[in-house]
Amino acid sequence: MFPAPFAVFLNQNDKNYVEPDISVICDKDKITDQGCNGAPDWIIEIVSPSSRKMDYFRKLFKYRTAGVREYWVIDPDKEIITVYHFEMDNMEEYSFGENVPVGIYKDFFIKL
């Protein structure tokens, strides 16, 4: 698990990268001194007023097409967690205070 600032190079191009708020990488071979080469397994973004469009639209598309397995958008203003399970091609929403299942790990839940 790597918190921002941590560079994630989604493509082979080593000049363009994103900096998710939290990145979970299960394959240690992807981790270098520069950051992560390839898609993390799980990315969490915490929405701020200035990042709303980026987190809900641009990064959603980038992460999905790059091979991220699971993407969470945590929205403190709305008190919701939007969970995208890209491998299962579905999306679920949870309210703060609910147990949110982590899809990439069996029997693992997080309550915000």
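Index from 1, following the sequence.
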Does any part of the side chain of [Y], heavy atoms only, come nearer than 4.5 Å to the side chain of [X], both counted from C-beta?
X      : Y      : answer
Val100 : Val83  : yes
Glu79  : Leu112 : no
Ile25  : Ser23  : yes
Thr82  : Tyr56  : yes
Pro3   : Asp21  : no
Asn16  : Phe9   : no
Ile22  : Met1   : yes
Phe2   : Cys36  : no

Atom pair [atom1]/[atom2] of [X] and [Y] - distance to nearest 0.5 Å:
X     : Y     : atom1 : atom2 : result
Thr65 : Leu10 : OG1   : CG    : 7.5 Å
Glu87 : Arg64 : CD    : CZ    : 11.5 Å
Glu70 : Phe86 : CD    : CZ    : 9.5 Å

Of all the heavy-atom pairs spanning [X] and [Y], show the shortest one and how long it is.
X      : Y     : result
Tyr17  : Ala7  : CD1-CB, 3.6 Å
Gly67  : Ala39 : C-CB, 3.6 Å
Phe96  : Ile74 : CZ-CG2, 3.9 Å
Pro101 : Trp72 : O-CZ2, 3.7 Å
Val8   : Pro20 : CG2-CD, 3.7 Å

For this session: For the pair Lys30 and Asp41, find out whether any cationic side-chain nitrogen is under 4.0 Å from an anionic carboxylate oxygen.
Result: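 Looking at Asp41 together with Lys30, the answer is no, because their closest N to O distance does not fall below 4.0 Å.
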
Problem set entry | Lys/Arg N to Asp/Glu carboxylate O, Lys59 vs Glu45, below 4.0 Å |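 Between Glu45 and Lys59 there is a salt bridge, with a charged N closer than 4.0 Å to a carboxylate O.
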
Problem set entry | Donor-acceptor under 3.5 Å (Asn99 side chain, Lys111 main chain) |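 A pair under 3.5 Å: no.
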
Exercise. For Val47, does its backbone N or O pair with a side-chain atom of Ser51 as donor and acceptor, under 3.5 Å?
Worked result: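 Answer holds: no.
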
Quick check: is [Y] connected to [X] through a chain of hydrophobic side chains (ILVMFWY, heavy atoms under 4.5 Å apart)?
X     : Y      : result
Tyr84 : Ile104 : no
Ile31 : Ile44  : no
Tyr94 : Val102 : yes

For this session: Measure the acute angle between the ring planes of Trp42 and Tyr105, then classify it against the limits of 30° and 60° as parallel, tilted or perpendicular.
Result: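 Plane angle over 60°, so perpendicular.
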
For this session: Might you confirm whether atom CZ of Phe109 has over 12 heavy atoms from other residues, nucleotides or ligands at distances under 6.0 Å?
Result: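 Above 12, so yes.
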
